[in-house]
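Have a look at the structure below, then the notes.
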Number of protein chains: 2
Amino acid sequence: MGRWEPNARGRLETAALELYLEDGFDQTTVAGIAARAGLTERTFFRHYADKREVLFGGAGFLQDLLVDSVTATPASVAPIDAIATALEHAGTFLQERRAHSLQRQAVIEANPLLQERELIKLARLASALAEALRGRGVTEPTASLTAEAGLAVFRVAFETWVDPAETRELPQVIRDSMAALRTITT
Amino acid sequence: MGRWEPNARGRLETAALELYLEDGFDQTTVAGIAARAGLTERTFFRHYADKREVLFGGAGFLQDLLVDSVTATPASVAPIDAIATALEHAGTFLQERRAHSLQRQAVIEANPLLQERELIKLARLASALAEALRGRGVTEPTASLTAEAGLAVFRVAFETWVDPAETRELPQVIRDSMAALRTITT
DNA sequence: TACAGTGATGACAGCAACTGACATCACATC
DNA sequence: GATGTGATGTCAGTTGCTGTCATCACTGTA
């Protein structure tokens with residue numbers, strides 16, 4: 001029983017995404033996910049805090065990507081530009097995984113509970129970005145405002161990019177959206 | 001049994017807030033809320049979709065307030081200024097109910113699940129504001145970006161205002177934050 | 001080789017959130 | 001006073017999630 005099969009987390013993640021796509025999030029039971037992964041329900045909850053969290057395993061990576069980018073930017077660069085650069089990096093990462101990103105987005109868009117979880121991840125991201133800015137000497141409320149405004153740009157850009165009619169790549173959409181924000185507030 | 005007692009919703013809301021403050025959100029059971037309100041668990045779920053929703057009964061009112069304000073603003077006013085004015089109106093409303101706002105915020109801050117619900121309410125608000133702007137002839141992505149940026153300002157301002165050390169009133173904090181956003185993006 | 005420790009998992013019991021179906025009571029309207 | 005309507009009670013059931021303990025694979029050590 002206790003034999004160690006590789007990739008328990010990975011198998012759970014795959015099984016969950018498949019079932020969420022096939023049957024919908026609500027119709028999928030944790031027992032079903034575990035069964036498809038060849039594990040038990042109890043084991044699922046040892047790897048993920050709840051039924052939703054399994055879709056957000058990669059969120060930490062993206063956050064690190066953004067924070068590292070901000071941290072690596074020279075202090076002479078304006079805060080808003082540091083955030084803009086970081087967002088473009090994240091955009092490149094997501095652009096390279098467009099298919100998976102769209103699949104994931106489809107599942108999330110179909111369920112309000114998943115949207116909540118998505119929003120809290122983005123909120124954490126904003127906090128982390130503000131913290132990174134503070135680490136570079138930016139004071140409040142500029143740090144929080146810049147981070148929040150940057151995330152606002154990211155949200156709008158991402159939503160635009162998800163549209164099948166959109167031909168620009170995500171980093172470009174992000175650049176354009178940031179430019180639009182500057183225009184709006186002028 | 002079926003006798004009609006006034007304010008079933010109101011009684012549930014009061015009972016829930018009291019219990020959330022006394023025992024914490026997690027420790028409070030729906031059965032307990034219903035009992036304190038003199039109702040049954042089943043009836044609770046007839047009025048509120050879930051255990052969290054009872055804290056957000058007034059969200060619809062605030063949304064209407066904001067949307068109406070945007071709609072009433074003459075089309076000659078720049079979108080960002082229309083949003084700014086609307087936010088100040090909402091700020092006045094919340095300032096007048098500061099005690100209740102802080103109580104509610106304390107409960108929400110103490111629980112991640114409630115934070116998620118709060119964020120989705122704000123996201124809906126952003127959508128509604130963008131829609132209102134579109135109704136005034138503003139095109140995408142300016143409408144969404146302006147609404148999202150406005151909400152970003154509101155979030156930061158609200159968080160600042162909640163701080164006991166803060167002496168400014170909410171509308172003023174909002175004005176100052178909006179000015180800060182303009183500075184940042186310049 | 002033997003043995004103790006560690007880590008992942010299974011098995012099982014249980015709580016609480018939430019739902020569906022049906023009965024009941026107060027009230028309004030005819 | 002019959003009849004419909006709306007809010008509530010009652011009850012049974014599903015499912016997300018947790019606590020607890022036993023089991024098995026693997027590791028290090030003597």
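Within every chain, numbering begins at 1; the chains are lettered A, B, ... in the order of the sequence lines, protein sequences first and strands thereafter.
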- Could you check how far CZ of A:Phe25 sits from P of C:dC18, rounded to whole Å? 13 Å
- Task: Flag this pair as yes if the NZ/CZ of B:Arg52 is under 6.0 angstrom from the six-membered ring centre of B:Phe56 and inside a 45 degree cone about the axis; otherwise no.
- Result: no
- Note on the structure: B:Leu113 CG to C:dA17 P, in whole Å, measures 12 Å
- For B:Phe45 and C:dA16, give me the distance from atom CZ to atom C1', rounded to whole Å. 9 Å
- cation_pi(A:Arg104, A:Tyr20) dist<6.0 Å, angle<=45: no
- Message: Please determine whether a side-chain nitrogen or oxygen atom of A:Thr43 lies at a distance below 4.0 Å from atom OP1 or OP2 of C:dT9.
- Response: no
- Message: Nearest whole Å is fine: how far is C:dG14 P from A:Arg42 CZ?
- Response: 16 Å
- Query: How long is the line joining CZ of A:Arg46 and C1' of D:dT18, in whole Å?
  - Reply: 10 Å
- Is A:Arg42 positioned over the aromatic face of A:Phe44, cation under 6.0 angstrom from the ring centre and no more than 45 degrees off axis? no
- Give the rounded distance in Å between these two atoms: CD of A:Glu116 and P of D:dG16. 16 Å
- Message: Distance check needed: C:dA17 P versus B:Asn111 CG, whole Å only.
- Response: 12 Å
- Of all heavy-atom pairs between B:Thr28 and B:Lys51, which one has the smallest distance, and what is that distance? O-NZ, 2.7 Å
- Whole angstrom value for the distance that separates P of C:dG7 from NE2 of A:His47: 14 Å
